[in-house]
Every structure is written in C-alpha cells, then in structure tokens.
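Order of listing sets the numbers, starting from 1, for every ligand and every atom in it.
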Amino acid sequence: MSDYQITSNELPAPTYRHKRRLTGFSLNEIKSIEAQIPLSSRSLWKKFAVKEFSEKSDFERDFVHHIETTLARSMYNCDDLAAYQAASNTVRDKLIVEWNETQQFQTLKDPKRIYYLSLEFLMGRAMDNAMLNAGVKDLVKDSLSELGFNLEDILEQEPDAALGNGGLGRLAACFLDSLSTGKYPSWGYGLRYQYGIFAQRIIDGYQVETPDYWLTFSNPWEIPRHEIQIPVDFYGFVEEEFNPQTNETKKIWKGGERVIAVAYDFPIPGYSTKNVNNLRLWSAKPTTEFDFSKFNSGDYQNSVRLQQRAESITAVLYPNDNFDQGKELRLKQQYFWVAASLHDIVRRFKKTKRPWSEFPLQVAIQLNDTHPTLAIVELQRIFIDLEGFSWDDAWEIVVKTFGYTNHTVMQEALEKWPIPLFERLLPRHLEIIYTINFFFLQQVEKKFQSTYSQKELENLLSSVSVIEEYYPKQVRMANLAIIGSHRVNGVAELHSELIKTTIFKDFVKVYGDKKFTNVTNGVTPRRWLREANPELAELIASKLGGYEYLLNLNLLKNLENYLDDKDFKHKWDIVKLNNKFRLTKLIKKLTGIEINPTEYLFDIQVKRIHEYKRQQLNIFGVIHRYLWIKSLSPKERKSLVQPKVYVFGGKSAPGYYMAKLIIKLINAVGELVNNDADAEGYLKCIFVPDYNVSKAQIIIPASDISEHISTAGTEASGTSNMKFVLNGGLIIGTVDGANVEITREIGEDNIFLFGNLAENVEDIRHAHRYAPHLELPESLKQVFEAIESGKFGEGDEYKPLLDSVRYHKDYYLVSDDFDSYLQAQELIDEAYKDRDDWIQKSIISVANMGFFSSDRCIEEYAEMIWDVEPLERD
Ligand SMILES: *Cc1c(COP(=O)(O)O)cnc(C)c1O
C-alpha cells in the first residue's frame with residue numbers, strides 16, 4: 001500500500017509482519033483496524049517503521065511506554081494531543097526525579113526557605129520551558145520527528161496555565177523561574193483554580209467571556225498530594241476558656257464550617273541546574289463528614305449543597321486587574337489559601353525541632369500584594385491561641401517573618417473589607433486585628449503626642465489605623481500589611497518613591513523610610529528571550545559564545561561590540577522579519593486578516609484593557625492617522641505615509657463597562673480601516689483575541705514599537721515593556737513605572753517618551769475639576785467628530801468614552817497628552833526610515849537590558865528582604 005511507503009532510503013516499508021510485531025495484533029485484526037481508520041492515520045505505520053529501524057533513545061522508549069500504559073492507547077491511533085500527553089509525561093518523569101532529590105536534599109540541609117504567597121501564578125505552558133531548562137529540547141524534537149511528529153504542533157496542544165490576570169501573576173511566575181535557577185530554597189503557594197482567567201472571544205466587535213476549563217485532560221505538570229489534607233475553618237464563634245492551672249483565660253475559635261485543602265504540587269525547574277523547587281496550589285474539597293442528620297431526614301439536597309459550597313472556593317479566579325471588588329467568596333479564598341499554606345510552613349518548621357525563636361531565621365514569607373495579608377493575622381493566631389506565646393513574643397517573630405510588595409497607588413485597587421463581613425467569616429481574626437491595631441496606634445500616639453497638636457495627632461491616627469471609619473467600618477489590608485511586615489517594597493523606582501509620598505506617607509512619619517524600599521521588577525530571559533524568540537537568542541549566542549548570557553544577562557552588553565558588523569545587523573533585521581511572519585500567521589489564523597509583514601512597521605499594545613493604561617489614547621491616535629491618510633492624494637500617501645499595523649490585545653474585566661467599550665471601538669476601527677482601499681498598504685488595525693502568555697510569546701518578538709502609555713504615576717512598573725525591549729523592539733511611552741529605568745539603561749535616544757510627568761498630574765486634574773469646561777486640542781476634536789459621525793457604527797455608542805474626556809474631567813489626561821503622543825508617533829515614522837540607525841537602536845537597547853532580568857530582582861529580595869542564600873545541590 002503506497003500510503004505506508006517510507007520515503008527515506010534506509011527505511012523499508014513496514015510489512016504486515018512488522019505491524020504484527022509492533023502491535024501484538026493478529027493479521028486479521030490489523031486488517032480490520034486498517035479498514036476502519038482514516039487514511040491519514042494509517043500513515044502512522046510509518047512511525048512504527050521508523051521506530052523499528054532507528055536507534056531507540058530513552059525518550060522514544062519512554063514515550064511509547066506512556067502511550068501504551070498511561071494513556072492506554074497504541075501508536076496507531078496516536079494523534080497530536082496523545083503525543084503531547086505522552087511527551088510531557090516523559091519529560092515530566094525526569095523532572096520529578098530531580099524535584100524529589102532537591103526536596104530531600106533541602107530537608108536534610110534545612111536552610112532558610114522563601115515562601116512566595118501569590119493569589120496568581122500566570123505560568124503559561126510548561127512543556128517547552130521544562131525542555132529548555134533541562135537542555136533536552138533538541139533531543140526531544142529529533143526523537144519526535146523520528147516518530148513522525150512535529151514538536152511545534154505538539155507543544156500547541158498544551159493549554160496555558162492561566163491562573164492570573166496580568167502583570168502581577170506573571171511576575172510571580174518569572175520569580176519562580178529565577179528562584180529555581182538561582183538555587184534558592186523556595187516554595188510558591190497559591191490556589192488551584194479550576195477555571196483560570198476566562199477565555200476571550202470577540203463577537204461583532206464585543207468581548208465575550210467563556211470559561212477556561214484548563215483541566216479537561218489530565219495535567220502531567222501537577223502531582224496531586226491527596227495525602228496532604230489540611231482542614232480550614234470559617235465562621236463560628238470565639239470561646240473563652242479558663243485554665244485553672246495558669247489562672248488565665250484563653251480565646252479559642254470554634255469554626256462553624258470546615259473545608260479541606262488538598263495540595264497539588266507543580267515542579268519548577270531551574271535553567272541549567274538540577275535544582276527543582278515546588279509550587280504548591282491548594283484545591284478545596286468538602287470534609288468527608290457528611291451531614292447525615294440532614295441526609296437521614298430526607299434533606300439530601302441541602303446536605304449535598306454544603307459539599308458543593310466547599311468546592312466553590314477554588315472554582316474560579318477573580319478576573320479583575322488592579323481593582324478590588326470586595327466579594328465574600330474572595331475573602332474566603334484568601335483565608336483558605338493562607339491558612340493551608342501557613343499550616344504547611346509551620347508544620348515543616350516544627351519537624352526540625354528548632355526553638356521558635358529561630359522561626360524568622362528559617363522562614364521568609366513574601367506577600368505578593370495585600371491578597372495574602374491575613375497570613376500575618378493567622379501566624380499571630382497560631383502563636384497565641386495554639387502555641388501559647390505571649391503577645392509580644394509572637395508579634396516580634398511575625399514582623400521579622402513577613403515582607404510586603406505593593407503593586408499600585410490607585411485607590412480603587414486598595415483592598416478593604418467591611419467589618420460585618422469579616423466578623424462573620426473570621427471572628428477570631430478580627431479580634432486579633434483590633435489588638436494589633438490597638439498596640440500600633442498606642443505606639444504612634446506615644447511617639448507624636450509631645451510634638452503634634454491634638455488635631456494633627458487625630459488625623460495621623462485615623463490615616464494609619466487598620467480600621468477605616470466608614471459606613472460600615474472597613475479593614476484596610478495595606479495598612480495591616482505594612483504594620484505586620486519588616487519591609488515594604490514598591491516595584492519600580494518611581495513607584496517606590498510615590499508610595500512614600502502619597503498613599504503611605506503617614507507610615508513614613510511613623511517608621512522613617514528605612515522600612516520602605518524598592519525592587520524594580522524583571523522578567524525571566526529564559527521564557528521571554530530564548531523560548532519566545534529562539535532565532536534572536538541563537539543569533540546573540542553566536543556572538544557571545546553560547547547561552548551563558550541567559551544566566552548573567554549583563555553579558556548582553558557585549559553586543560555593543562558588533563554595532564559595525566554589517567552581517568550581524570542584517571541577520572538582526574531578518575530575525576525581526578521572521579518573527580513578524582510568525583505573528584501574521586497567528587493573526588490570519590485568529591482573525592482571517594492577511595498582512596504582508598515586509599511592508600509594515602509593527603506597533604503593538606498588548607496588556608489588560610484599562611483606562612489607566614490608555615488603549616483609548618492609542619486608538620484615538622489610529623483614527624487620527626486614518627483621517628490623515630484619507631486626506632492625502634495617492635501620490636502624497638506614497639511619499640508621506642509610513643505603513644503601520646497597529647496590534648492590540650488584552651482582556652477587560654467582565655464588569656468593566658468602559659474597558660469593554662474601548663475593545664469595541666478598536667474592533668470597529670479595524671473593520672473600517674482594514675477594508676478601506678485608500679488605507680490599503682498603509683494602515684491595518686488588528687485586535688488579537690484572547691491575549692495570554694503563549695500568545696505573548698509570539699506577539700512580543702514581532703514588534704518594532706510597543707506602547708506603554710499609562711497616565712504618569714499610575715503604572716507601578718509594567719513588565720511587558722521589559723519583554724518588548726529585550727526582544728529588540730523600541731518603546732513609545734510615558735515617564736511612568738519602569739519606563740524611567742529602561743530609559744536610564746538604554747539611553748534616551750532609544751526610546752520615544754511623551755506626555756505630562758507624574759509630578760504634574762495632580763495639578764492638572766485639579767485644573768480639570770475646576771475648569772468650567774475642558775478645551776480639547778484640535779486633533780482630538782477631529783477624532784471625536786469622526787466617531788460621532790457614525791464612521792465606526794452607531795456614533796452614540798461611544799458617547800461614554802468621549803464624555804469621560806470632554807465632560808467628566810478627563811481623569812486619565814487623554815486630552816492633555818494627545819498632541820505630545822502624536823508628535824512622538826511622527827518621530828517614530830521619521831526614525832524608522834533610517835533602517836540602519838533603527839537596527840542600531842534596537843541592538844543597543846537589547847545590549848543594555850541586563851538589569852531587567854528577574855534573576856537580579858531575586859538577588860535583591862534575597863539580600864535586602866529575605867536574608868537567604870542559595871543552596872547548591874551536591
Ligand atoms: C507580561 C504580561 C503582562 C503584563 O503586561 P504589562 O504591559 O506590564 O501590563 C500581562 N499579560 C501577559 C500575558 C503577560 O505576559
């Protein structure tokens with residue numbers, strides 16, 4: 001049969017004898033199978049044949065083993081999904097061996113450990129990363145190809161682990177990679193949501209959310225630890241117990257509802273090391289103590305409902321980025337996660353039999369934002385209620401143990417919980433919070449009573465208090481996190497300065513500024529350069545003598561030796577073009593729109609959709625450009641217009657009306673522009689649906705320009721700005737977040753900055769508030785008129801978006817920054833014409849991005865906040 005013919009000379013076609021040997025089936029069985037399976041699958045016989053006649057590597061043997069046992073299938077009906085599952089199980093098996101040995105080694109050495117508590121881990125895919133870190137990608141690729149599979153297609157089968165919203169969750173993932181690579185004994189703790197961030201579909205231009213059930217197929221990258229089951233209580237009441245021996249009364253919390261936390265472990269490989277750390281995610285299960293009284297009385301429905309209520313705790317990730325919704329289930333998630341994690345951490349410490357005073361010498365807990373702040377209270381409760389410490393002894397240990405990372409200065413993102421809700425859910429914790437606050441305020445009062453007036457003192461106390469006087473009163477999680485930590489850090493220099501002068505300025509009065517520090521964010525070059533952009537990584541390696549730079553990103557500096565190397569610069573250019581091809585293929589697949597990448601400058605803005613990130617500014621700019629192109633004659637277009645494709649991507653929170661409207665406008669503009677013959681070859685506007693980590697890995701390497709244009713003072717750091725520049729793209733941006741430090745590192749000639757500065761934003765807002773009406777620049781007026789004329793569908797639809805600028809005080813300073821933004825875009829067009837100089841800028845930028853490796857972040861945390869050392873496995 002011709003379909004079975006092997007094209008390669010050395011390999012004969014499989015005979016029925018071969019097929020029988022390979023499958024163990026009889027001749028008749030094989031014939032009947034062949035009659036049933038489609039022709040395309042029959043070519044799988046080829047794979048057997050190749051396997052039979054090639055040298056069997058370990059990988060191939062294990063791969064086939066997993067097909068036949070783990071999946072209980074056989075090679076003849078192995079599709080790409082099955083191949084992915086078998087291949088990932090094979091790679092994982094190797095990883096687990098190293099993971100086990102790392103854990104055993106650490107138990108033996110008992111070093112100080114870092115515990116990174118984050119409600120979000122935006123991990124993306126694991127397979128490619130695991131292979132690259134272990135250095136087996138080429139081997140796997142070759143073996144799979146011998147078996148008749150294409151590795152790239154197989155990697156596409158893996159669903160993203162999308163247990164996060166955006167930057168904060170991805171930061172946690174980059175940190176885990178750097179912790180393992182740096183050989184730091186460390187654990188991540190989070191929740192195993194059954195549904196990660198929703199999948200986004202675009203229907204008629206609108207965002208539609210669909211559930212992300214990422215666990216449809218068994219997940220080889222997690223190990224269920226059914227033996228690790230930790231009870232977590234909620235509700236109930238606080239009892240006082242009198243101990244006649246000590247003559248003391250003790251408070252005991254009697255919980256009213258119990259849920260079980262089951263551990264799922266995710267091995268985190270480091271790059272070029274056998275060190276494999278652990279990410280432990282908790283899943284909520286009902287207790288096995290079924291309510292038989294209800295059951296027996298015939299109330300089966302209600303007895304089952306309670307059980308389902310337990311599982312709902314880890315059902316879904318809250319899809320808000322930089323916004324606090326204040327829902328009861330969210331507070332339940334937080335306590336469930338914190339209680340299980342601390343139980344685990346304390347249990348691990350107790351096993352060593354060290355005195356409690358050594359706890360902060362052995363344990364460093366980092367709070368990723370205020371989401372895990374309850375950990376401070378829970379540890380104090382464990383020490384006081386369960387271990388019998390005095391308040392002061394307990395509190396001293398607690399404060400030494402915790403560090404808190406702040407991620408925003410925006411009011412709407414600061415977590416606050418109504419006291420009535422808190423009291424019902426966690427009555428004992430609220431008592432402890434009151435006591436923490438009482439002692440803290442007492443200390444503040446003592447410090448300032450002689451120098452402050454009564455009024456000043458009252459103002460200070462009410463500002464730093466954990467309790468906000470409101471209706472109802474609220475618990476301020478950020479204040480609690482500051483008081484309960486020995487160090488507080490922001491995530492970029494500007495941001496760390498802003499927290500000291502704005503939201504936390506009164507805490508600086510209390511503590512001085514030593515408690516407040518900065519650790520500028522970073523990204524892992526393993527995922528964001530080598531994995532995302534293998535061609536650029538290889539080109540760089542060819543000049544720097546290998547991939548050592550992935551472990552010491554400052555080595556990139558040596559690329560500056562090749563600024564006059566014509567061949568190198570040419571290759572640099574080709575790599576960018578190839579990456580644009582890769583992106584246009586993805587765009588074609590997702591939207592049907594075809595783009596010839598050779599013609600266009602790629603201008604990309606991908607990140608969560610948010611008014612403060614100002615995608616509206618970008619799309620208004622696109623409209624302005626479109627109107628300009630329309631106003632030109634064909635001849636003028638040819639000579640004046642730099643062809644550009646604007647790529648947008650990102651999710652809006654499902655309940656965020658204005659962000660959803662921005663998505664709709666982007667799609668409407670795309671609909672018009674992409675089908676207008678006058679704009680053909682000059683302008684495209686694309687919205688890539690369902691932006692996530694694996695799409696980011698395709699999108700980011702293709703950019704010439706990326707947009708990081710938040711209102712100055714609102715973006716704490718940004719990390720995609722770092723990813724883009726690391727991949728040879730230049731930035732148009734505001735003087736905000738880490739853009740400031742990127743500029744310092746790469747030089748201001750290599751970045752297109754615009755807009756008002758953070759120091760002026762408050763004054764401008766103040767002027768807006770008291771101006772009788774806002775005067776728009778002519779350029780923006782034209783854009784608004786075009787929108788209202790109905791060019792992009794019903795003009796009225798976008799009224800709220802335009803009104804927020806025109807009539808509602810333009811909080812994000814779109815009108816103030818618009819002309820400055822357009823000027824920066826013109827400078828870009830001008831600069832892009834000189835391609836040689838552009839490539840020069842690109843190379844210099846990459847050469848100076850060493851600082852933005854997350855390895856550097858982890859070293860800074862280790863030194864300034866955690867006081868931990870790496871532990872080398874022998
Ligand atoms: C890096 C990253 C982000 C953060 O992007 P910013 O532009 O810094 O907000 C968000 N989502 C994904 C998928 C990312 O990879």
Side-chain angles (χ1 to χ4, degrees), residues 118 120-125 129 159-177 196-200 212 214 317 319-323 368-369 407-408 410 413 491-492 494-495 520-529 531-533 586 603-615 617-618 647-653 659 688-703 705-711 714-727 729 731-734 736-742 852-854 857:
S118 179
E120 304 187 11
F121 288 94
L122 194 51
M123 303 296 283
R125 289 176 175 150
N129 181 248
D160 271 39
L163 309 184
N165 275 286
L168 176 147
R170 185 53 232 178
L171 183 77
C174 283
F175 280 5
L176 292 183
D177 183 81
I197 187 67
F198 62 86
Q200 178 194 55
D212 165 49
W214 65 299
L317 163 77
N320 302 307
D321 186 70
N322 273 300
F323 182 75
N368 196 23
D369 212 328
H407 284 271
T408 182
M410 290 190 301
V491 289
L494 174 64
H495 168 65
T520 300
N521 282 167
V523 299
T524 168
R526 274 77 63 180
R527 184 175 292 263
W528 294 112
L529 183 50
E531 190 183 328
N533 198 344
L586 179 72
D603 179 313
I604 301 181
Q605 188 178 20
V606 284
K607 48 183 81 229
R608 286 301 290 255
I609 310 290
H610 211 300
E611 285 166 285
Y612 88 82
K613 290 176 182 281
R614 295 202 294 189
Q615 284 90 355
L617 178 60
N618 186 344
V647 177
F648 293 83
K651 293 170 186 174
S652 158
V688 178
D690 199 34
Y691 180 59
N692 60 15
V693 170
S694 53
K695 292 206 178 76
Q697 290 176 208
I698 308 287
I699 295 169
I700 289 169
S703 87
I705 284 287
S706 65
E707 308 220 8
H708 308 273
I709 57 177
S710 50
T711 310
T714 61
E715 187 75 273
S717 164
T719 49
S720 84
N721 44 5
M722 303 167 189
K723 301 169 195 166
F724 277 102
V725 180
L726 187 60
N727 282 278
I731 282 180
I732 179 170
T734 44
D736 200 17
N739 290 356
V740 176
E741 290 145 272
I742 292 174
F852 300 98
S853 168
S854 47
C857 304

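- Between the side chain of Arg125 and the backbone N or O of Asp160 there is no donor-acceptor pair closer than 3.5 Å.
- Of all protein heavy atoms, the one closest to atom 8 (O) of ligand 1 is Thr719 N, 2.8 Å.
- Of all the atoms in ligand 1, the ones that sit under 4.0 Å from a non-hydrogen atom of Gly718 are 8 (O).
- In plain terms, the two heavy atoms of Trp214 and Gly196 that are nearest each other are CD1-N, 4.2 Å.
- Residue Asn721 has no N or O atom closer than 3.5 Å to an N or O atom of ligand 1.
- Under the 3.5 Å distance criterion, the side-chain polar atoms of Asn721 are matched with a main-chain donor or acceptor of Thr719.
- Residues His708 and Phe724 place their aromatic rings such that the two centres sit under 6.0 Å apart.
- How far CD1 of Ile699 is from CG of Leu586: 6.5 Å, rounded to the nearest 0.5 Å.
- Residue-ligand proximity, Gly167 to ligand 1, at heavy-atom distances under 4.0 Å covers atoms 3 (C), 4 (C), 10 (C).
- Around atom 2 (C) of ligand 1, the closest heavy atom drawn from His708, Lys723, Gln605 belongs to Lys723.
- In this structure, the side chain of Gln615 engages the main chain of His610 through a donor-acceptor pair within 3.5 Å.
- Between atom 9 (O) of ligand 1 and the options Lys613, Met722, Glu707, Arg608, the minimum heavy-atom separation is to Lys613.
- Ionic pairing of Glu715 and Lys613 is present here: one or more N-O contacts between side-chain nitrogen and carboxylate oxygen are shorter than 4.0 angstrom.
- Without hydrogens or angle criteria, Lys651 side chain to Gln200 main chain gives no donor-acceptor distance under 3.5 Å.
- Residue Lys607 has at least one N or O atom closer than 3.5 Å to an N or O atom of ligand 1.
- Proximity to Val693 (heavy-atom distance under 4.0 Å) selects the following atoms of ligand 1: 13 (C).
- In terms of protein heavy atoms, atom 11 (N) of ligand 1 is closest to Tyr691 CE2, 3.6 Å.
- Remark: distances from the non-hydrogen atoms of Trp528 to ligand 1 include one below 4.0 Å.
- The protein heavy-atom contact nearest to atom 6 (P) of ligand 1 is Ser720 OG, 3.6 Å.
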